[in-house]
Amino acid sequence: MEKYADILTVEKKEQEHRLHDLKNVHGRVVMRMAPSPSGPLHLGHSRMAILNDEYVKRYGGELILRIEDTNPQNIDPVAYTMIPEDLKWLNVNVTQTVIQSDRFELYYERARDLIGKGAAYMCTCEVDTFKDLLMKGKACPHRNNDPESNLEKFQEVVEGKNKDASPVLIIKTDIEHPNPSVRDWIAFRRIKGTHPRTGNRYTFYPMMNFSVAVDDHELGLTHVIRGSDHISNTEKQKYLFNYFGWEIPEYFHYGKISIPDSILKTSIIKKGIKDGIYSGWDDVKLQTVCSMARRGYQPETFRKYWIDSGLREVNAEFSWDIFNSINRLFIDPGADRYFFVKNPVSIKVENSPEINSRIPKYQGKPERGFREYHIKDSPELFITGEDLGNIKHGEKIRLKDLFNVRLENGIFRFSEIEPSKEKIKIIHWCPAGSKPFKIEKPDGTFDEGFIEPLAVNMNGIFQFERYGFVKKVSDDFGIYIHN
RNA sequence: GCUCCGAUGGUGUAGUCCGGUCAAGCAUAUCGGCCUUUCGAGCCGACGACCCGGGUCCAAAUCCCGGUCGGAGCACCA
């Protein structure tokens, strides 16, 4: 038989999903992920983390976590610890961590270099005036100031003089560039407020386009993969690379993934936590990594999903169906089966014999054991209210792994123990001694019912038959994962 | 205002760079069947797609042009 196995696999030609190769790889790669610390990572972030990790695994090299905290108004200090924890949970192998607020002196140094080259200038125009001029493709009066006076002004601002003014440092590009947003762009601006890590030591903060370009070079990045929202930023940043004569990394911009039925914006989440709508960053209604981990999603699911989805320039829509089916793949083998009876109603069975029920914990794997209950004659049992409502008068149904009963005049009469040959409804049930159990669902609602006695003391991921996968976290509480 | 990108079944994708092996693969969803009893898993089957028009070519999902549609972004967030 074995010799046929080869032929069969060849015919089936298993098509592996594989990310396309990166361009211009010469040996090892250096890549990065660069979240801003406005909160912990969410499902969307997991994509860039995992894809970067996959490429570094493929080619060998470094994966740098660069925390981009150059805007003190957009920082939540919890992120500094939560982001690395999220990445660890996702099994992303970060080889170096860089925090941009450690590097302000470096950015100032590079800014002075540029001013010295005549490639940047200090400007004190009103915001609107400056924008109007740019839109018309005209230079602002400060553009022609000489490097020496620019350096002098820059130094004054860095040292915190003239605190009420709003000076900016501008990178000279092409004042008539077809894309107005690429024309002379802002590299530094003054921000009031206290930075969680540097306090009030700095007031003149670099814009993302400046610090990113400097760091991408200084950290020796070979390949940058990031969202298509950065396409025009890449164009802006290239001006810096050219001024300095730096080698430009290979960029790839992937399309946006829209994730339906999700709350990902940190500003909304933070407000929700404050208002008590969410219990915290790991509230099950959210799609943060920590929430999904708590709910029972597996790190392998994230990885397989993002690899299968590929890396393309096209925008795409995230599919919960596919994501959940992948997660099922990983949790099903470890999930024993139990009965949870939602909205239970008590029924009494007439004329049934005393019997020991014996239900496998996992269909087809007797070695994992059985759930055994001693059921008295003519017992009281619980079934779901929904099932009860669907049973017609005179209809015979099967209580799964127990016996058949027939509903007559509102009374369930014992029919027989052996399963019927004909197809009848099979429903699940709970014996006397079952305990109340509550399940939190990701839509914010709760299901309540009874859980069979043997499941009460068990914690972990289970499949409640005819209900779905649930992560049981205590004797009387669990979180719904998916069906 | 401007820039950029893309178009394969309900959904997510493979294939497009280097045209033929693609009468288009995989996954998911749906439907049906099998499995000594789940709306789960597994196995089998069904369903279902190359945006439109033109061009090049013996040959186009693949190359070129036009159109349509869709998307993304930028202008002192990252």
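Order of the sequence lines fixes the chain letters, A, B, ..., with proteins taken first and strands second; residue numbering starts at 1 for each chain.
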- Among B:C2, B:U13, B:U28, find the nucleotide with the atom closest to the side chain of A:Ala316. B:U13

- Query: Once you round it to whole Å, what is the distance between C1' of B:C76 and CE of A:Met207?
  - Reply: 5 Å

- C1' atoms of B:A41 and B:U28, separation to the nearest Å: 16 Å

- Task: Please work out whether the ring planes of A:Trp320 and A:Phe318 are parallel, tilted or perpendicular, with thresholds of 30° and 60°.
- Result: perpendicular

- Please figure out whether A:Asp229 or A:Asp401 has its closest RNA chain B nucleotide nearer the 5' end. A:Asp401

- Message: Is the distance between the ring centroids of A:Phe104 and A:Tyr205 under 6.0 Å?
- Response: yes

- In whole angstroms, the gap separating C1' of B:C39 from CG of A:Asn390 amounts to 13 Å

- Among B:U38, B:C76, B:G12, which nucleotide sits nearest the side chain of A:Ser319? B:G12

- Could you work out the separation of B:G25 and B:U68 based on their P atoms and round it to a whole Å? 33 Å

- Among B:A27, B:C2, B:C76, the one nearest A:Ile322 by side-chain distance: B:A27

- Item | A:Lys256 NZ - B:G70 C1' separation (whole Å) | 13 Å

- Message: At less than 4.0 Å, is any side-chain N or O atom of A:Gln363 found next to OP1 or OP2 of B:U37? Yes or no.
- Response: yes

- Can you find an N or O donor on one side and an acceptor on the other, under 3.5 Å apart, linking the side chain of A:Arg337 with the base of B:G40? yes

- Message: Let's go through A:Leu63 and A:Met33 carefully: what are the C-alpha distance in whole Å and the side-chain angles of both, what is the deciding distance for side chain to side chain contact (heavy atoms under 4.5 Å, CB included) to 0.1 Å, and is it a yes or a no?
- Response: CA-CA 8 Å; A:Leu63 178 59; A:Met33 68 194 85; 3.4 Å; yes

- Item | Under-4.0 Å salt bridge between A:Arg406 and A:Glu395 | no

- Task: Please work out if A:Ser166 contacts a base, only the sugar-phosphate, or nothing of the nucleic acid, heavy-atom cut-off 4.0 Å.
- Result: nothing

- Can you tell me how far CZ of A:Arg58 sits from CG of A:Asp53, rounded to the nearest 0.5 angstrom? 12.0 Å

- What's the closest nucleotide to the A:Ile231 side chain, out of B:C76, B:U38, B:C4? B:C4

- Just checking A:Asn483: base, sugar-phosphate only, or nothing, at a heavy-atom cut-off of under 4.0 Å? nothing

- Figure out the CG/C1' separation between A:Leu311 and B:G15, and round it to whole Å. 17 Å

- Query: Picking from A:Tyr297, A:Phe330, A:Trp306, what satisfies ring-ring contact (aromatic ring centres under 6.0 Å, His included) with A:Phe323?
  - Reply: A:Tyr297

- Query: In whole angstroms, how far is the P atom of B:C17 from the CG atom of A:Asp21?
  - Reply: 16 Å

- May I ask you to decide if the ring planes of A:Phe210 and A:Tyr107 are parallel, tilted or perpendicular, using 30° and 60° as cut-offs? perpendicular

- Task: May I ask you to verify if any side-chain N or O of A:Arg190 is less than 4.0 angstrom from the OP1 or OP2 atom of B:C76?
- Result: no

- Query: Quantified in whole Å, what is the C1' atom distance between nucleotide B:G70 and nucleotide B:C63?
  - Reply: 23 Å

- Quick one: sort the A:Tyr202 and A:Tyr108 rings into parallel, tilted or perpendicular, breaks at 30° and 60°. tilted

- Query: According to a strict under-4.0 Å criterion, is A:Arg466 in side-chain N/O contact with OP1 or OP2 of B:U37?
  - Reply: no

- Query: Within the structure shown, what part of the strands sits under 4.0 Å from A:Phe469 by heavy-atom distance: base, sugar-phosphate, or nothing?
  - Reply: sugar-phosphate

- Can you measure from CZ (A:Phe403) to CD1 (A:Ile355) and round to the nearest 0.5 angstrom? 6.5 Å

- Message: Counting only side-chain heavy atoms from C-beta out, which of B:C2, B:U13, B:G42 sits nearest to A:Leu329?
- Response: B:G42

- Message: Between B:A27 and B:C18, how far apart are the two C1' atoms, rounded to whole Å?
- Response: 28 Å

- Item | Whole-Å P distance, B:A29 and B:A72 | 28 Å

- Item | Stems formed with participation of RNA chain B [Watson-Crick or G-U wobble, under 3.5 Å, three or more pairs] | B:1-7 with B:68-74, B:10-13 with B:25-28, B:30-34 with B:42-46, B:51-55 with B:63-67

- Item | Minimum-distance nucleotide (side-chain atoms of A:Pro180 versus B:C76, B:G1, B:U38) | B:G1

- Query: To the side chain of A:Val168, which of B:C76, B:U37, B:A72 is closest?
  - Reply: B:C76

- To the nearest angstrom, how far is A:Asp332 atom CG from B:A41 atom C1'? 5 Å

- Item | Those residues of residues 32-51 of chain A lying under 4.0 Å from RNA chain B by at least one heavy atom | A:Ser36

- Message: Does A:Arg47 qualify as a cation-pi partner of A:Tyr254, given the criterion of NZ or CZ under 6.0 Å from the six-membered ring centre and within 45 degrees of its axis?
- Response: yes

- Query: Would you call A:Lys270 and A:Asp76 a salt bridge, using N to O less than 4.0 angstrom?
  - Reply: yes

- Item | Nearest-Å distance for atom pair CG/P, residues A:Asp387 and B:C39 | 11 Å

- Task: Round to a whole Å and report the spacing from NZ of A:Lys400 to P of B:U36.
- Result: 13 Å

- Message: Please tell me if A:Arg328 has a side-chain N or O lying less than 4.0 Å from either OP1 or OP2 of B:A29.
- Response: yes

- Is the shortest distance from a Lys or Arg side-chain nitrogen in A:Asp387 or A:Lys425 to a carboxylate oxygen in the other one below 4.0 Å? no

